[in-house]
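Let me begin by presenting the structure, written as C-alpha cells, before commenting on it.
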Amino acid sequence: MATLEKIRQRKKILAIVIGAALLAFIIEVGIEAIGRSGGNSAAAKVGNEKIDIMAFQRRVEQEAANDQQNNQQTDPALRQQQVLDEMINEKLLEQEYEKLGIFVSDKEISELMIGKNPAPPVVQFAQQVGAKSPAELYDFIMNPGKQGVQESQVAELRNEWNKLKDDITKRYRFAKLQNLMAGCIQPNDLDLAQIQNDESMTNVITFAKKDYASLPDDKYPVSDEELKAEWEKLKPMFKTEEETRVIHYIAVNIDPSQEDIVAAKKIADAAYIALQKGRGVDSVRLLGTVQIDTAKMVQKDMPAKVRDFFANATVGTTRRDTTTGETRHVMYKLINKEVSLDSVELSYVIAQGDAKFQKSILDQLNAGKSLDELKKANAQKVDGKLKEWQRIFNAPDSMRAKIANAGEGYFVYNSGEQGATLMKVESKKAAKTFYTLATISYDAYASTKTSDGLRDKLQDFLNKNKTAKAFEENAAKAGYNAVEMMISPSTAQLGLGMYGQGAIKDSRKAIKWAFDNKKDMVSPIFSDNNDVLVAVALDDIYADGYLPYNFTQGKEMLTKRVRNSKKGDALMKQYQGKAKDLNGYAAAMGSQIDTVNIVFAANGDPKLGSEPGLIGRMAAAKQGSLQGPWKGENAVFVYQVVKQEKSNYNPSKEELKSRYAQSRGNQVFANGRTIYNILSKATKVKKRLIDFY
C-alpha cells in the first residue's frame, strides 16, 4: 500500500522523468506504436500496406491530448501531418525489420527491464515510485496479492510499465538496425590511408578570377530550347514524390482599424485611472476586459522597463508603459513589498504510520539516527531526502513561518492519521526583498465593423478577378500581396515559413480547395482562425512526377546556369592564351590576386565561392605550374600552386576511423533521419490524408 500511495503522489513528475529518460535512451529518434493496417480507408499506403484512417485518427487524438496536458498549442493540420509522417516511418521500419529478420527476444527485453543492468528509463521509473529496483517493482505490479493490494489498484501502474516495455523494445530494435548498418560501413586500410593522404598535404594557391556577375545579363539571352536542354541534364533534381500544385494566395490580417485603436485607448485610460485607486487591483477587474497577472519576485526579475522605478517605490505605486505602441497597453502596480527568506537547505523525512510511529521516528532522528538506518529498519514506511536547496519565497505564509522559526533539529512540518512530514532546516540564505507586482494589459482588437469591412473588400476583389491570371496581375493594384507557393498533399500550412515563422495557422482548408479544383480557378475566402482572411488562385498542376522547366524557381535557376555558361564561354575565348603568368591574367581580368590554402578533403573556400570540381583540381595541381583559364559555375579562374606544406601530424588509426565515420561512414548513413530517407526512397509511399478533409 505504501508503494501505491507514493505512485499517486508522484504521478506528475513520473511522466516528466520517464519521458526525458526515453529520449536519452539508445537513440534520438522516437518510435511509437505501429498503426494497424487494413480497412478500406487509408491515410497512407506504404508499399502494399495501408495505414488505416481510424488508427491514424486515434493517434492524432492521443497527441492532441498530450499537447493539451502540456499546454502546447499546435495547428491541428500540422499535428496530423506530423503524426502521419511518424506512422509512415514506423511502417517503413517494420517492413525492413521483417526483411532483415531483426527482432528483440523475450530474454533480451527481460534483461532490459529487470536484468542485472536494466535500461536507465526503467531504473528511473522504479525509483520514482519508491521501489528499490525494477525487479521489485515488477514483482509488485504482477503479484499484487503478496503486498495485500487489489488487482485494480495496480492496473494503471501496470499499463505504464507495459507502455515503457513497448517503447524500449522498439528503440532497442531500431538500435539493432543502426548497428547492422554501421557494421556494413567500416573502413579498410586503403580507406584510412586515403583519408590521411587527403588531409596531409596543403597547397598554398594564388589565383585570379573574373565573376560572371560582372557581365551584363541582357547580352546573354536564354531561349526556351536552352532551358529545356538544361532541364533534361538536371532532370533528377526536379523529381517530386507527390503531385505538386502552384498557387498564389492573398492573406489579409484582421487588424484593428484606427477607430478600434482609439476605442482601445479609452478603455486603457479608464483602466489606469481605476488602477490608481486603493492598494489592490479589484477596481480594474470590474472593467472585465483587461488581463491581470500578479507575481512575486526579486528586483532583478522585474521587467527591465520598471525595475529601477519600483525598487524604492511605496506599495500602491503605479506606472504606465509608454513604449508599447498604439495597439497594446501595459501598466503596473506594486501590490506588496516584504523582506522574506528566499532559499533554504532542507532535509525531510516521510514517516508513514500512526501518531506513535511518527513521534518515534522524530525522536530517533533528533537522537542522531540516520535516514538510511531508519529506512532499513522500517521498510516501505520511511523515506526522505537530505540537504536539498529549495526556494520558498512563494510558499504559504505558514510554511515560511515554520521554517523561519525552526530550531536545530527535526520538527513536524505536517501530520495526519497515516503519516507525517518531518523537516530540518540545515542552513538559510540571507533574506531578500520581494515585490508583488501586478501587470495589467489590454490589446486593441478588430471590431465586427472592421472585420466585415476587410472581408467585403477582399470579396469585391475576388468578384472582379475570377481567374488565376487576373488574381495575380491585379492584386497589387488593389493593395494586396499575391504570394506564389508550391504545395503538395502533405503541405500542412500556407506561408513561406511553412512549419515555422510566417506560416498561416488553420489554412489547411485553402490547401484542400487547391487540390479539389481545376487550373485557373479562384477560391472563396477562408478564415478558420479568425485572425487572417485567405484566398487562393490555382495557377498550375504538376502531376507527372517532375516539376517542369518553366516553374518560377526552377526557371530562375536554369536561366542563371545557362547564362553563366554562356558568359564562361565568352570569357574563356577572351582570355585563353592572353597572358603568360598570373599577374598578366589578373591585369587582363581587372581583378586582384588572392591566396587560399587548399586541402583535398576540404569542401571549399569562401573566397572561391560555390565551385564543384575546383578544389580537386587545385589540390592535384603541380607546384609552380600555371593552371587555367578554367570555366567554373560562377567565374573563370586562373591559379598557381606556390607552395606545398606536408603535415607532420600522424593521426592514430582510431582517429582516422572516427573521421571516416563522420565523413562517409556510420555517422552519415546509420542515423535515424538518413535511415528513414533511404527507406522512403526504396519503398513507394502514397499519402492520402488530404482526401479526408
Side-chain angles (χ1 to χ4, degrees), residues 4 6-25 27-39 41-44 46 50-91 93-94 121-122 124-125 128-129 141 152-171 174 490-493 498-500 503-509 511-512 528-531 672 676 687-693:
L4 194 62
K6 289 177 184 177
I7 295 165
R8 294 193 182 108
Q9 292 174 354
R10 304 179 188 182
K11 186 176 180 182
K12 238 177 211 183
I13 192 170
L14 175 64
I16 296 171
V17 171
I18 295 303
L22 281 171
L23 287 175
F25 177 56
I27 57 170
E28 60 185 341
V29 181
I31 305 172
E32 303 296 338
I34 294 175
R36 67 179 177 86
S37 62
S41 297
V46 184
K50 296 177 180 179
I51 293 177
D52 181 45
I53 191 67
M54 297 306 296
F56 162 77
Q57 190 58 40
R58 286 195 296 272
R59 181 84 158 261
V60 170
E61 290 170 359
Q62 181 183 5
E63 290 299 319
N66 292 340
D67 286 347
Q68 186 175 13
Q69 185 177 357
N70 296 323
N71 293 320
Q72 293 181 348
Q73 293 185 346
T74 304
D75 186 323
L78 183 56
R79 180 191 299 118
Q80 290 159 354
Q81 196 59 56
Q82 290 169 342
V83 168
L84 183 61
D85 287 342
E86 288 174 4
M87 295 181 77
I88 288 171
N89 287 340
E90 292 162 8
K91 185 68 71 176
L93 281 176
E94 191 63 34
V122 187
Q124 293 190 35
F125 184 35
Q128 288 302 314
V129 299
I141 61 179
S152 59
Q153 293 177 290
V154 298
E156 183 179 354
L157 183 59
R158 185 182 294 162
N159 287 337
E160 292 294 327
W161 175 271
N162 288 332
K163 283 172 59 179
L164 183 59
K165 177 182 175 181
D166 288 343
D167 286 337
I168 288 176
T169 301
K170 290 177 177 66
R171 283 163 172 76
F174 187 84
S490 296
T491 304
Q493 298 171 314
M498 290 301 292
Y499 297 112
I504 301 173
K505 294 181 179 179
D506 301 322
S507 53
R508 181 75 176 197
K509 285 187 178 179
I511 296 169
K512 168 66 172 170
D528 289 352
N529 62 0
N530 297 318
D531 293 323
Y676 288 135
K687 301 177 184 179
R688 299 185 59 245
L689 185 56
I690 200 166
D691 296 343
F692 299 93
Y693 285 91

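Contact between Ala492 and Ala77 at its shortest, heavy atoms only, is O-CB, 3.6 Å. Minimum interatomic distance between Ser490 and Lys687 (heavy atoms only, all atoms of both residues): OG-CD, 2.9 Å. Of all heavy-atom pairs between Gly672 and Phe174, the closest is CA-CZ, 3.8 Å.
Note that CD of Gln82 is 10.5 Å distant from CD of Gln80, once rounded to the nearest 0.5 Å. Distance CD1/Ile51 to CZ/Phe56: 9.0 Å, rounded to 0.5 Å. From Ile88, atom CD1 reaches atom CD of Glu86 across 10.5 Å, with rounding to the nearest 0.5 Å. Here the CG atom belonging to Asn162 is positioned 9.5 Å from the CG atom belonging to Leu157, to the nearest 0.5 angstrom. Within the model, atoms CZ of Arg171 and CG of Asp166 stand 10.5 Å from one another, a figure rounded to the nearest 0.5 Å. If you take CZ on Arg79 and CD on Gln72, they are separated by 9.5 Å, rounding to the nearest 0.5 Å.
Residues that satisfy the salt bridge (charged side-chain N to carboxylate O under 4.0 Å, His left out) test with Lys165, not counting sequence neighbours, are absent from this structure. Scanning for side-chain hydrogen bond (donor to acceptor under 3.5 Å, both in side chains) contacts around Asp75 gives Gln493, with sequence neighbours left out. Residues satisfying the side-chain contact (heavy atoms from CB on, under 4.5 Å) test with Asn159, not counting sequence neighbours, are none.
Counting heavy-atom neighbours within 6.0 Å of Gln68 CD, excluding the residue itself, gives a total of 12 or less.
When atom types are taken as modelled, the side chain of Arg508 and the backbone of Thr491 share a donor-acceptor pair closer than 3.5 angstrom.
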- Taking it one step at a time, do Leu84 and Gln81 satisfy side-chain contact (heavy atoms from CB on, under 4.5 Å)? CA-CA 5 Å; Leu84 183 61; Gln81 196 59 56; 4.1 Å; yes

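If you run side-chain contact (heavy atoms from CB on, under 4.5 Å) between Val83 and each of Glu61, Glu63, Gln62, Gln57, only Glu63 comes through.
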